[in-house]
Amino acid sequence: MSSKSIPSVSVKYAQDGRSTKSNALGMRPMQERVWQKRGEQYLLIKSPPASGKSRALMFVALDKLQNQGVKQAIIVVPERSIGSSFNNEPLSQFGFFTDWEVKPQWNLCNAPGGDNGGKVDSVKAFLDSTDQTLVCTHATFRFAVERFGVEAFDDRLIAVDEFHHVSANPDNRLGEHVRQFVARDKAHLVAMTGSYFRGDAEAVLHPEDESKFQTVTYTYYEQLNGYQYLKQLDIGYFFYSGSYTDEILNVLNPAEKTILHIPNVNSKESTKDKIREVEHIIEELGDWQGTDAKTGFQLVKTKDGKVLRIADLVDDDPAKRDKVSTALKDPAQKNNRDHVDIIIALGMAKEGFDWIWCEHALTVGYRSSLTEIVQIIGRATRDAPDKTRARFTNLIAEPDATEAAVVEAVNDTLKAIAASLLMEQVLAPRFEFRPKTPTNTATPGLDYGDGGYDPNKCNVGVDPTTGTVQLEIKGLAEPKSEEAERICREDLTELVTAFVQDKQAIERGLFDEELVPEELTQVRMGKIIKEKFPNLDDEDQEAVRQHAVAALNFVQQAKKALVEADSSEARNTSLIDGVRKFALSVKELDIDLIDRINPFGEAYAILAKSMSEERLRQVAEIITAKKVTMTLEDARDLAKRALRFKAEKGRLPSLTAADPWEKRMAEGIAFLQREARANKNG
């Protein structure tokens with residue numbers, strides 16, 4: 001085998017146990033943070049899988065029912081299996097003022113029948129009753145709103161779990177209902193999501209609706225840093241040639257508890273026979289010993305004599321699959337590490353699937369949705385005794401230049417890299433950037449490293465409780481409006497998502513040898529910000545752009561600093577150490593320096609290690625062949641940057657400048673001048 005699995009990022013956490021400790025009311029830190037906002041009518045909770053969102057909602061809902069004049073609470077979940085997250089909880093045993101109770105007839109996730117029938121009648125019966133809590137699926141709720149109108153839900157709390165299923169697309173009925181509730185302004189809404197982006201291709205909420213929501217963010221970093229056992233998370237991709245089933249054991253370690261997602265039957269990684277694929281994987285693992293009569297799990301004896309228990313969720317036979325699915329959900333087995341070893345799935349076992357022992361989420365084939373990838377990774381990031389390391393691996397077909405579908409294969413490779421870059425951003429600590437000025441002083445509570453705060457340099461301060469990193473940067477533009485401040489505080493990951501998914505940006509960043517980085521960091525990112533936030537003025541757009549580029553480039557440079565560290569032990573320290581190393585390694589941390597870094601440079605270094613040299617060259621040639629010369633729009637953007645340059649330097653950029661960015665801006669002006677002459681003469 002020519003290639004091996006190389007983690008593109010390996011993050012170590014402090015393991016301080018903080019995120020799993022409860023206060024006097026029985027609340028963990030994330031739930032306490034939500035509780036402090038319990039009086040808000042519209043609340044958006046962004047928090048990773050397993051951080052306790054369900055219970056956070058119970059606390060808030062009970063307070064709204066008892067103290068805020070809310071009549072009833074309706075919990076809406078995407079699929080029936082997730083309804084169990086809202087089963088009765090004796091909260092008063094842990095210090096809360098009352099218990100969470102849902103009467104059996106009002107947990108419609110457990111009721112037989114379809115979503116648009118008796119269950120909708122049950123919603124009406126609940127609305128007419130004096131009972132206080134109901135749980136149903138997104139689908140049941142949609143049909144109920146369509147039948148009874150939004151006004152039927154006045155003075156009630158609507159809590160939408162896995163809120164990323166909602167979208168601003170007019171065809172999304174649930175999204176439309178949420179907008180109607182906000183417009184009517186008579187109900188309380190709590191939205192919860194474990195995915196950090198409001199939609200891969202389209203927004204979940206219109207900006208004007210979203211601005212009404214108070215956001216509570218609890219980051220992956222806080223969650224994992226506060227675990228008791230899990231201390232390392234690796235994320236990487238692995239390229240293979242031929243059939244993935246022949247190479248699966250190069251990345252699948254039978255000794256690790258694994259969820260394996262095989263490719264969609266329509267993808268090029270699929271052999272189009274999913275049943276045979278599962279059989280082949282089982283054959284690769286060892287000798288089949290039959291099926292466990294009680295659970296339906298496949299029993300497979302490995303070369304070293306161990307019998308693996310494998311749950312097959314791919315088989316379409318409903319009787320078989322339901323038996324396996326029921327065995328996996330058996331509450332009596334929740335804490336039994338030996339209950340199952342490997343789960344093989346296709347569309348199942350993603351969001352809301354709770355198997356704490358999972359150490360490896362292995363996904364074959366590119367997944368088009370970043371939200372889906374985050375959900376799959378979330379399966380492996382639960383804390384469990386003796387589980388110190390978890391990993392996510394994306395197994396991708398190496399682009400083959402002889403194939404007709406080579407362009408599609410290259411696109412999938414780029415998308416996998418984008419997903420990896422984004423996950424690094426999601427796993428990183430939260431950044432807080434501030435301009436370096438002579439009047440700056442140390443912020444109380446921050447750790448500035450061995451020497452403490454130094455007024456003569458750009459400092460890196462870390463909040464030990466949240467992992468937030470404060471960085472001072474010379475020349476950094478500050479957001480002026482409240483909206484721009486909110487974006488810099490809450491939405492930098494959203495902007496990084498859009499940027500790393502920008503095909504032209506990633507192609508050029510990886511393979512254009514003549515690239516001037518500012519064309520990506522200033523022009524491309526500037527364009528994305530203009531499109532996403534057209535209502536911000538130019539100054540605020542520039543401030544947001546600088547913050548977004550800094551967030552992306554700091555993670556990339558931190559990663560580079562760790563990789564370049566001498567020993568593997570040093571390399572496995574946290575990203576915060578990498579941020580410090582980078583900040584200390586440069587003479588002056590200013591925004592121009594950050595803009596001059598190619599955000600995709602480190603991704604290329606990983607790609608060069610994980611793909612064969614010949615294949616990498618072929619990919620580069622395919623992308624270089626499509627290279628576009630300057631467009632009129634690019635020239636206009638460059639000319640705008642040139643005007644900024646003139647305001648600062650007192651002259652226009654020069655075509656003969658030694659600085660490549662100055663030269664590129666001058667080329668933009670020259671392009672516009674040629675166009676103007678051609679139009680005049682034409």
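The chain is numbered in sequence order, starting from 1. Excluded from the calculations below are hydrogen atoms, water molecules and symmetry mates; all remaining heavy atoms, backbone and side chain alike, are included.
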Rounded distance (nearest 0.5 Å) linking atom CG of N394 with atom OG of S420: 9.0 Å
Can you label the angle between the F431 ring and the F433 ring as parallel, tilted or perpendicular, going by 30° and 60°? parallel
Could you walk me through whether L495 and I487 pass side-chain contact (heavy atoms from CB on, under 4.5 Å), step by step? CA-CA 9 Å; L495 294 169; I487 294 162; 4.0 Å; yes
Can you tell me if N336 has over 12 outside heavy atoms packed within less than 6.0 Å of its CG? yes
Residues I343, L313; criterion side-chain contact (heavy atoms from CB on, under 4.5 Å); working and verdict: CA-CA 7 Å; I343 297 172; L313 291 171; 3.7 Å; yes
Side chains of Q232 and D234: is there a donor and an acceptor less than 3.5 Å apart? yes
How long is the gap from CZ on R379 to OG1 on T258, to the nearest 0.5 Å? 15.0 Å
Testing the 3.5 Å rule here: is there a donor-acceptor pair between the side chains of E472 and N459? yes
Evaluate F238 against I396 for side-chain contact (heavy atoms from CB on, under 4.5 Å), listing each step before the verdict. CA-CA 6 Å; F238 171 88; I396 308 155; over 6 Å; no
Return yes if a side-chain donor-acceptor contact under 3.5 Å exists between N553 and Q556, otherwise no. no
Mind listing the closest non-hydrogen atom pair of A380 and A390 along with its distance? O-CB, 3.3 Å
Does the distance from a Lys or Arg side-chain N to an Asp or Glu carboxylate O, for E222 and R430, drop under 4.0 Å? no
With the side chain counted from C-beta on, respond yes when F511 and L607 share a heavy-atom pair under 4.5 Å apart, and no when they do not. yes
What's the shortest heavy-atom distance between G83 and V77, and which atoms? N-CG2, 4.0 Å
Do the side chains of T393 and T363 get nearer than 4.5 Å, heavy atoms only? no
Distance in Å, K532 NZ paired with D491 CG, rounded so as to fall on 0.5 Å steps: 9.0 Å
Presence of salt bridge, K503 and E507, under 4.0 angstrom: yes
Considering all heavy atoms, the nearest V340-F297 contact: CB-CE1, 3.9 Å
Does R382 use its side chain to pair, donor to acceptor, with the backbone of G378 at less than 3.5 Å? yes
Above 12 or not: heavy atoms from other molecules or residues under 6.0 Å from NZ of K306? yes
Reported CG-to-CD distance for the pair D341 and Q298, which is rounded to 0.5 angstrom: 13.0 Å
Using distance alone, with no hydrogens and no angle criterion, decide if T215 and T217 have a side-chain donor and acceptor under 3.5 Å apart. no
Between R55 and E89 (salt bridge meaning N to carboxylate O under 4.0 Å), is one present in this structure? yes
Does R337 offer a backbone N or O that forms a donor-acceptor pair with the side chain of K257 under 3.5 Å? yes
Stepwise side chain to side chain donor-acceptor pair (under 3.5 Å) test for T245 and E284: CA-CA 8 Å; T245 50; E284 289 282 309; over 6 Å; no
Hey, are the side chains of D463 and Q470 touching, using non-hydrogen atoms and a 4.5 Å cut-off? no
Could you check whether Y220 and Q425, counting side-chain N and O atoms only, form a donor-acceptor pair closer than 3.5 Å? no
Which of these passes side-chain contact (heavy atoms from CB on, under 4.5 Å) with I262: N264, V265, L260? L260
Shortest non-hydrogen contact from P599 toward L520: CD-CD1, 4.3 Å
Donor-acceptor contact below 3.5 Å, side chain N598 vs main chain G509: yes
What are the two closest heavy atoms between K46 and E490, and how far apart are they? NZ-O, 3.8 Å
Side-chain heavy-atom pair D386, W357 within 4.5 angstrom cut-off: no
Are I576 and V579 packed together at the side-chain level, in the sense that at least one heavy-atom pair is separated by less than 4.5 angstrom? no
Taking H339's backbone N and O only, do any of them form a donor-acceptor pair with R309's side chain (distance below 3.5 Å, no angle check)? yes
Find out whether D595 and P517 are in side-chain contact, i.e. whether some heavy atom of one side chain is under 4.5 Å from a heavy atom of the other. no
Answer yes or no: is there an ion pair linking E359 with R391, defined by an N-O contact shorter than 4.0 Å? no
Test log, rule side-chain contact (heavy atoms from CB on, under 4.5 Å), inputs N253 and H360: CA-CA 9 Å; N253 177 356; H360 189 189; 5.7 Å; no
Look at the side chain of Y240 and the backbone N and O of I248, then say whether any donor-acceptor pair between them is shorter than 3.5 Å. no
Under 3.5 Å, is there a donor-acceptor pair between the side chain of Y218 and the main chain of P29? no
Note: D383-K231 ion pair, threshold 4.0 Å (strictly below): no
Parallel, tilted or perpendicular for F163 and F213, by the 30°/60° rule? tilted
Please report the interatomic distance CE(M58) to CG(N87), rounded to the nearest 0.5 Å. 7.5 Å
May I ask you to test the R524-D502 pair for a side-chain heavy-atom distance under 4.5 Å? yes
For the side-chain contact (heavy atoms from CB on, under 4.5 Å) test, which of K53, R33, Q36, Q31 pairs with V216? R33
Less than 4.5 Å apart, side chain to side chain, heavy atoms only: is that true for V555 and F582? no
Heavy-atom closest contact (Y237 atom, F239 atom, distance): CD1-CE1, 3.7 Å
Value rounded to 0.5 Å, distance of CD1 in I342 from CD1 in I310: 4.5 Å
Distance-only, no hydrogens or angles: does the K303 side chain make a donor-acceptor pair with backbone N or O of L285 under 3.5 Å? no
Could you tell me whether the side chains of H138 and D161 share a donor-acceptor contact shorter than 3.5 Å? no
Are F600 and F499 near enough that their ring centres are under 6.0 Å apart? yes
